[in-house]
Structures are given as structure tokens and as C-alpha cells.
Protein chains: 2
Amino acid sequence: MATGRNHRPATTRSRGIPEATVARLPLYLRALTALSERSVPTVSSEELAAAAGVNSAKLRKDFSYLGSYGTRGVGYDVEYLVYQISRELGLTQDWPVVIVGIGNLGAALANYGGFASRGFRVAALIDADPSLTGRSVAGIDVKHTDQLEQIVDESGVSIGVIATPAGSAQQVCDRLVAAGITSILNFAPTVLSVPEGVDVRKVDLSIELQILAFHEQRKAGEEAPEEETAPPAVPPAAAVSKRPEPGSDGDRPAVMPA
Amino acid sequence: MATGRNHRPATTRSRGIPEATVARLPLYLRALTALSERSVPTVSSEELAAAAGVNSAKLRKDFSYLGSYGTRGVGYDVEYLVYQISRELGLTQDWPVVIVGIGNLGAALANYGGFASRGFRVAALIDADPSLTGRSVAGIDVKHTDQLEQIVDESGVSIGVIATPAGSAQQVCDRLVAAGITSILNFAPTVLSVPEGVDVRKVDLSIELQILAFHEQRKAGEEAPEEETAPPAVPPAAAVSKRPEPGSDGDRPAVMPA
DNA sequence: GAATGTGAAAAGATTCACAGCA
DNA sequence: TGCTGTGAATCTTTTCACATTC
């Protein structure tokens, strides 16, 4: 099942910069942008780290992968660092983005103010529902799925956002990839199979909540120690079947679909 | 700046289960639920791993932290594993959730189908805009922020979702925490300060896109090797100031706010 | 024979702690 | 003196490979 072709190499250390560091650069950038707007000229690793919510040693190590952009005894020049990180992230160029699936979430994304700044531009909105076609969301006309290939081709987008129901996600993904898209942000709660060379990042609300629930449960358990520690006794034979409701779903979209 | 009080201990290995493993459990659960619905009785680590998009060694190691729920030579009993993982994640109980900030995103979340299953229940919607108060979103009445404390108290929620603009996020967070909430899912693009014992997870669309852009840029660079490798020459003095538009924003909400 | 469970090795990420520079 | 930049130590996560069990 599942053509299991993704699996990010993990060891991708894209050009020497560790993935973990890349994932934090946007965080630093955000903090720096805020400082920049307040016209703060320089910032120390300690201050910036606090603003970004990491510790200073980590931040300095992260920056060391980019080069030596600080000044000992002084700190970092805010504007300079904003530029360097932006450049490293590729934000000095324009990134047209196409959003597929204009349901509640898709519409929310289309309206997302943070898109415009940072170099991302919503080039097109696409949905399979004909009744949406022609409508305008966030000032952008919604196009029908039929035109997907044409749109991707003409607008030269390389990043696609999938906000469709889980059931359509792989299909949409395949078409986006076939049309030439090489980066996908997936909001549908499903594992996407993509050929080598295509990047997929996923955002799944349900998963985040489940992780929170895990920790929350633990907290509760600490207060009132031992309560449900009854070790699972039933062996894989007449499999336990607690928590029924199998009729729920299990393959639902990240958010109300198109 | 920022009362920097969060910073998850990282070494949290909550009760022996590594964080990395906890983060994958929901993924396994989703794959297993799908199998369960197709009435597949057992599954091998290889198959399940493919369905979840990880490799089988990792999956087996992950499961080994939960206990020995498989059968050598056979695989895992789907129903049994669904139950065990659900229990481990705390999904066998009901988790009332409150969503604060009913803008585009908040509404999308309220409508999220995946909430209901998995044990999460939207107990209340809260917004600061009086014109929204009383309206019904996803069949739930929107309450005014004034009632936040009362609502949290009465409905006994322990998980709060913040979907407000960045500017209000910390304030809302403080009130939620003061009201007794100990787990927060933050969609606002800002670092939240919370006291010890409160868990925060963040989802930031803009960050995901920036990470994609980083890799996308790299790909482009590989095709046409060397092009903008001109090493940053300007030293932190008359700081470079490329990519103007400083008038954009930089502290915007994850998605159009309330 | 087939597939789990797990020690041990390898790879990555974080933190320490301090030399070195402004 | 103050703060960066970075080797070295530590901790975490992933992967390997195989003994063990059904």
C-alpha cells in the first residue's frame, strides 16, 4: 500500500546547513523583523534567542552555519542579519503559490496576510467544485481543477498548497507534480507519495492536538499517581475493542474541505 | 523582551517514550484506523511503515517503547494496536477544547471534522469582536472574550487553541493559563511565554512555506550551478538593505484574524 | 520461514565552556 | 570587558543487523 516514495533523506543537510537549523531560521527572521520595525540597530544572541524562544548557544551555533555575521563584544546588526537570513531562505525572490481546495481552510489561507510579505504570492486558487469557479476569494478568482496544469504552467509556480479532503489529496498532488511543481505544503491528513526531488511538508492539526493530549494526560496522571496503570492484558487474539465508534471516519480532511 | 519562560525541556522523554516517538504515534494511528476501516486484521511493520511514511525499523523501535504488541512471524493486530496507541495518546478520553479567535482560521478549525473523532470536542468559541458574539459558527455559539475565564472554568477544558492575531495572542494565552488551561495550540505567529508546566505547540504556515522555499531555492541552484554565490561582502556597518518593503508588517496573524 | 524486538553503532542535534576578537 | 564563534562533550534519534519467537 502507498507507493512509499517519499521519506525525506533526513540527512539532507542541504549545503551544510542542518535541517534543524533551517527550521529555526524563519523563527529568527520573525524576531529580527520585529526588532527592525522598532528600529533596534543591534541585538545580542542572548536577547534574540529570548525573542525567538530558543537558547543562545543554539542560536549562535545556527548562525555559525551561515557565516560570521556578528561582532564580538557587540552582537548582531539587525538589518544585516535580516537580509542574510532572508537570502539564505530564498526570500529575496518572489514565490508564486497555488492553493488547491478552497474550503474553509483554503479560504483562510488565501486571506492569510503573512503570505504577501515574505515573498509569497498567491498566484491562483483552484477547486473542484464548479459552483465555486468564478467566485472571488480574497480578491482572487477561483479556477476549476480542469485548468490546474495550464495554471501551474502559465504562472510558473513551484510551490503548491493542498487543502483538499484527504481523499483527493494524492490525486491533486500527482497532478501538481506532473505539472512541474516541486514543493508541496500538505494540509490533508494523508501521506503523500511523491517522486524523488519533490519536497513535501505537512501540517496536521489533529496530530498536534494528539501530541498535546499525550502530555496533558501525563500531567493529570502525575497529580493523582497511578490510576489506570493496569497493564494491557489482552493478547492479540480476540483483540480488545474498547472505544468503539468505528463508524467515525479516520481519513478526514485537515479542515472542512472544499 | 519576552518573558522567555517556555522552552520545552526537550529531554522530556515523558515517561520513557521519546518525544520523537510521541510525535509519530498519531501518524501510525491514522494509518491503522484506515486499515481498521478496511477490516484488515493484521499488518506487518513493513506495510504499516509504508502507509505511515516512515521506515520499518523506526516504527518497530517506536512500538517497542509502548510494549510488545506484535507477534513474531505475523505482525501486529490492527484493532489491538489502534486501542493501545489511542490509550497511550490519551484519546480514550474526551478532550474539550476552546478556540479563541474566530476569524477565517478559527472558523475553519471549528468546522474541522477531524476534531470530533479522536476524542476532541469543541466546547466553546471565543472572540473579542462583539459583532460576532451570539453568532453561530459550526453550530456553536460564539462567546465574547469577557466570558473566557468563566467558560474555561465551567466547561473544564484543558486545551486551548489560539487563532487570534499575533498582537493579542500573549494576552489571550495569559488569560487561558490563568483560567487553568495547561496545553495550548498556537496559530498566531508569535512566541508565547508560559509558566512551567504549560505545554505550547505552534503551527505556523509562514514558517513551513519558508522552509519549502529554502529547499526550492537549493534545487534551482543545482540545475544552474553557481550564480549568486557572491559571498556577503558588506560588513555590519552600513548594513545592507536589499529587499525593501519594510512597511509590510512582520507580526501578522497566522491567518486573517477575528 | 517470517517478522518482531532490541542491543549496538552511527548520525544528528544540543549544550557546554572558553578562546579569541572588537 | 562583553559577546561571538566553535571545538568538545553530551544527549537524542535513527539505522543496522540479528537473535528470538511464533
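To find a chain, count down the sequence lines: A is the first, B the second, and so on, and within it residues start at 1.
The side chain to side chain donor-acceptor pair (under 3.5 Å) check on A:T182 picks up B:E216, with sequence neighbours excluded. By the side chain to side chain donor-acceptor pair (under 3.5 Å) test, B:S45 pairs with B:R60, sequence neighbours left out. Annotation: ring-ring contact (aromatic ring centres under 6.0 Å, His included) contacts of B:Y28 (sequence neighbours excluded): B:F63. Legend: residues meeting side chain to side chain contact (heavy atoms under 4.5 Å, CB included) with A:E46, ordered by chain and number and at least two apart, are A:S44, A:S56. The side chain to side chain donor-acceptor pair (under 3.5 Å) check on B:E208 picks up A:R201, with sequence neighbours excluded. Checked against side chain to side chain donor-acceptor pair (under 3.5 Å), B:T42 has no partners two or more places apart in sequence or in another chain.
We find that CG of A:D77 is positioned 13 Å from P of D:dT4, with the value rounded to whole Å. When rounded to the nearest whole Å, the span between CG of A:L48 and C1' of D:dG5 equals 15 Å. Note: CG (A:D62) to P (C:dT15) measures 11 Å, nearest angstrom. The separation between A:E46 atom CD and C:dT15 atom P is 13 Å, rounded to whole Å. Here the C1' atom of nucleotide D:dG2 and the OH atom of A:Y76 are 13 Å apart, to the nearest Å.
Counting only heavy atoms from C-beta on, B:A57 has its side chain closest to D:dC16 among C:dT15, D:dC16, C:dA13.
Using a 4.0 Å heavy-atom cutoff across all strands shown, A:F63 reaches no nucleic acid atom at all.
Closest approach of B:I184 to B:C173, counting heavy atoms only: CD1-SG, 3.7 Å.
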Can you name the atoms? Protein N/O to nucleotides 7-9 of chain C N/O, anything below 3.5 Å, with the distance.
residue, atom, partner, partner atom, Å
C:dG7, N7, B:K61, NZ, 3.3

Give every pair of a protein N or O atom and an N or O atom of nucleotides 18-22 of chain C that lie under 3.5 Å apart, one pair per line with the distance.
residue, atom, partner, partner atom, Å
C:dG20, N3, A:R72, NH1, 3.3

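Residue pairs meeting the ring-ring contact (aromatic ring centres under 6.0 Å, His included) criterion with at least one member in residues 29-60 of chain A: none, sequence neighbours excluded.
When the side-chain nitrogen and oxygen atoms of B:S45 are compared with OP1 and OP2 of C:dT4, one or more of them lie within a distance under 4.0 Å.
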